Amino acid sequence: CNLSIQDKHIIFITARVHPGETPGTLIFNGILKTLINSCNQLNNILLDNFVFKLIPIIYVDGVSNGYFRLDQNGFNLNRCYLNPNQKDNPENFAIIKLFYFYSSKYKIRYYFDLHADMNSRGVYTFGNALKLFEDHVENVLFSFIFKINCQHVDFSHCIFTERSMGTKSKNETAGKEATSRVQFYQRTGLIHTYTVESSYYKGIFNKDNMENENASIYMINDFEKTGYDLLKSILDYEEILLSDNLLRSEYQTIAKCRKHIAQIIKFNEDRFRYNYNLRDFINTIICDTIWNELLENR
């Protein structure tokens with residue numbers, strides 16, 4: 001490849017590694033429509049500052065044949081990034097070569113893998129548990145900004161734990177350590193590498209009350225707007241173009257958002273990074289605060 005990217009960062013986006021997860025494509029379409037619409041305010045700004053590498057459907061045969069999660073050989077392709085076989089896992093093999101090429105030759109700034117979750121509510125992200133405090137603040141901060149811009153994101157359900165980097169489902173030979181999100185971080189040190197999960201239903205995740213008769217279903221424009229809001233969040237985070245959502249929020253600036261996230265993480269860094277998702281951690285803060293107030297008022 002002889003492309004002259006100059007000083008631009010690369011944004012690498014993939015979708016449909018699991019062929020049955022249609023919302024991933026719909027969010028992808030929102031991203032693509034924004035990038036090809038020259039009348040959209042974000043279009044020129046994004047393309048002036050970034051180069052986009054887009055893979056709309058990883059497992060094309062699976063989507064064509066109506067498969068749900070596995071390929072024709074019984075592989076979960078999102079557990080084949082650790083050491084893919086060129087014959088059995090050609091999709092993973094090719095994506096890894098492409099990703100590492102751009103990582104070495106140029107500078108990848110963000111990686112997003114678009115998925116769907118039928119057992120949840122709303123939109124949320126999986127991030128990695130980064131070892132350095134400053135890096136981890138930046139890691140979590142982007143998802144927080146995504147929440148500010150997108151009404152569908154349930155930030156309390158976003159997960160950034162070590163456990164989420166290695167859990168293994170029943171009947172799987174490899175765990176999440178073999179996903180693209182984890183492998184690309186571990187091999188390149190890329191901070192902003194995320195799995196973006198979207199449910200089919202609006203609302204807040206509640207594992208104790210999964211059945212919600214009042215839950216309303218997402219429409220196509222909701223998914224596409226989520227893709228648009230993801231791009232808008234990049235411009236916010238990079239402080240290239242601050243959105244009205246951020247400016248009108250209680251934080252108003254990226255610096256204040258960063259300080260807010262740093263305080264949350266520093267409050268109990270180990271529990272946040274390694275044992276809890278964000279909802280559990282925030283609930284713990286609330287409980288501890290109430291307990292401390294009770295002690296002070298005795």
Side-chain angles (χ1 to χ4, degrees), residues 11-18 20-50 52-57 63 109-127 141-159 192 194-205 212 214-252 254 257 278:
I11 298 175
F12 201 105
I13 303 174
T14 59
R16 297 298 280 275
V17 67
H18 296 142
E21 297 179 358
T22 308
T25 287
L26 299 177
I27 293 174
F28 183 95
N29 288 346
I31 293 171
L32 186 60
K33 286 182 178 181
T34 303
L35 295 178
I36 64 176
N37 181 6
S38 59
C39 296
N40 189 295
Q41 180 188 13
L42 301 189
N43 173 277
N44 290 332
I45 299 174
L46 286 163
L47 297 180
D48 283 345
N49 288 276
F50 301 100
F52 288 81
K53 299 299 174 183
L54 308 175
I55 302 178
I57 299 177
V63 173
R109 179 69 167 166
Y110 297 89
Y111 170 67
F112 302 103
D113 191 26
L114 308 179
H115 287 251
D117 183 355
M118 63 185 299
N119 296 314
S120 187
R121 294 285 184 268
V123 177
Y124 65 97
T125 61
F126 278 106
L141 175 60
F142 179 82
S143 290
F144 183 67
I145 295 170
F146 188 21
K147 164 58 186 171
I148 291 175
N149 280 307
C150 185
Q151 62 175 325
H152 303 304
V153 173
D154 177 6
F155 182 59
S156 66
H157 190 205
C158 295
I159 300 172
H192 298 295
Y194 304 96
T195 303
V196 180
E197 297 274 2
S198 175
S199 174
Y200 297 81
Y201 295 93
K202 300 178 182 180
I204 302 298
F205 174 76
N212 186 352
N214 298 319
S216 56
I217 194 168
Y218 282 123
M219 306 303 288
I220 290 177
N221 63 313
D222 293 318
F223 291 117
E224 293 185 349
K225 179 63 164 51
T226 298
Y228 174 83
D229 291 338
L230 184 66
L231 295 177
K232 189 161 62 173
S233 300
I234 293 172
L235 296 180
D236 269 343
Y237 177 82
E238 300 291 341
E239 298 186 84
I240 296 172
L241 177 68
L242 298 184
S243 66
D244 288 341
N245 292 327
L246 176 63
L247 295 174
R248 294 172 182 172
S249 72
E250 61 180 296
Y251 305 99
Q252 297 182 326
I254 297 300
C257 291
L278 195 59

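All figures in this text were calculated on a predicted structure; none of them were measured in a lab.
- Here the closest non-hydrogen pair linking T195 and H115 is CG2-CD2, 3.5 Å.
- Across all their heavy atoms, A116 and Y200 have their closest contact at CB-OH, 4.1 Å.
- Scanning all heavy atoms of the two residues, the minimum distance from L246 to C257 falls at CD1-SG, 3.7 Å.
- Scanning both residues, I31 and G227, for their nearest heavy atoms gives CG1-O, 3.5 Å.
- Using a 30° and 60° split on the angle between ring planes, F112 and Y194 fall in the parallel class, below 30°.
- Applying side-chain contact (heavy atoms from CB on, under 4.5 Å) to V153 and the options V123, I145, V196 leaves one that passes, V123.
- Atoms OG and CD1, from S143 and I148 in turn, are 11.5 Å apart once rounded to the nearest 0.5 Å.
- In this structure, F144 and Y251 have perpendicular ring planes: the angle between them is above 60°, well past the 30° mark.
- Between K225 and D229 there is a salt bridge, since a side-chain N of the basic residue sits under 4.0 Å from a carboxylate O of the acidic one.
- Sequence neighbours left out, the pairs with a member in residues 28-39 that pass side-chain hydrogen bond (donor to acceptor under 3.5 Å, both in side chains) are K33-E224.
- When only modelled atom types and interatomic distance are considered, T14 and Y111 share a side-chain donor-acceptor pair under 3.5 Å.
- Using a 4.5 Å cut-off on side-chain heavy atoms (C-beta onward), T226 and L26 make no contact.
- Around atom CD of E239, more than 12 heavy atoms belonging to other residues, nucleotides or ligands sit under 6.0 Å away.
- Between the S199 side chain and the Y201 main chain, a donor and an acceptor come within less than 3.5 Å of each other.
- Across all their heavy atoms, P56 and F28 have their closest contact at CB-CE2, 3.4 Å.
- For the side-chain contact (heavy atoms from CB on, under 4.5 Å) criterion with F142, the lone passing option out of H192, K147, E238 is H192.
- By the 6.0 Å contact criterion, CD1 on I240 is enclosed, its count of non-hydrogen atoms from other residues, nucleotides or ligands being greater than 12.
- The residue from I36, N43, N44 that alone fulfils the side-chain contact (heavy atoms from CB on, under 4.5 Å) condition with N40 is N43.
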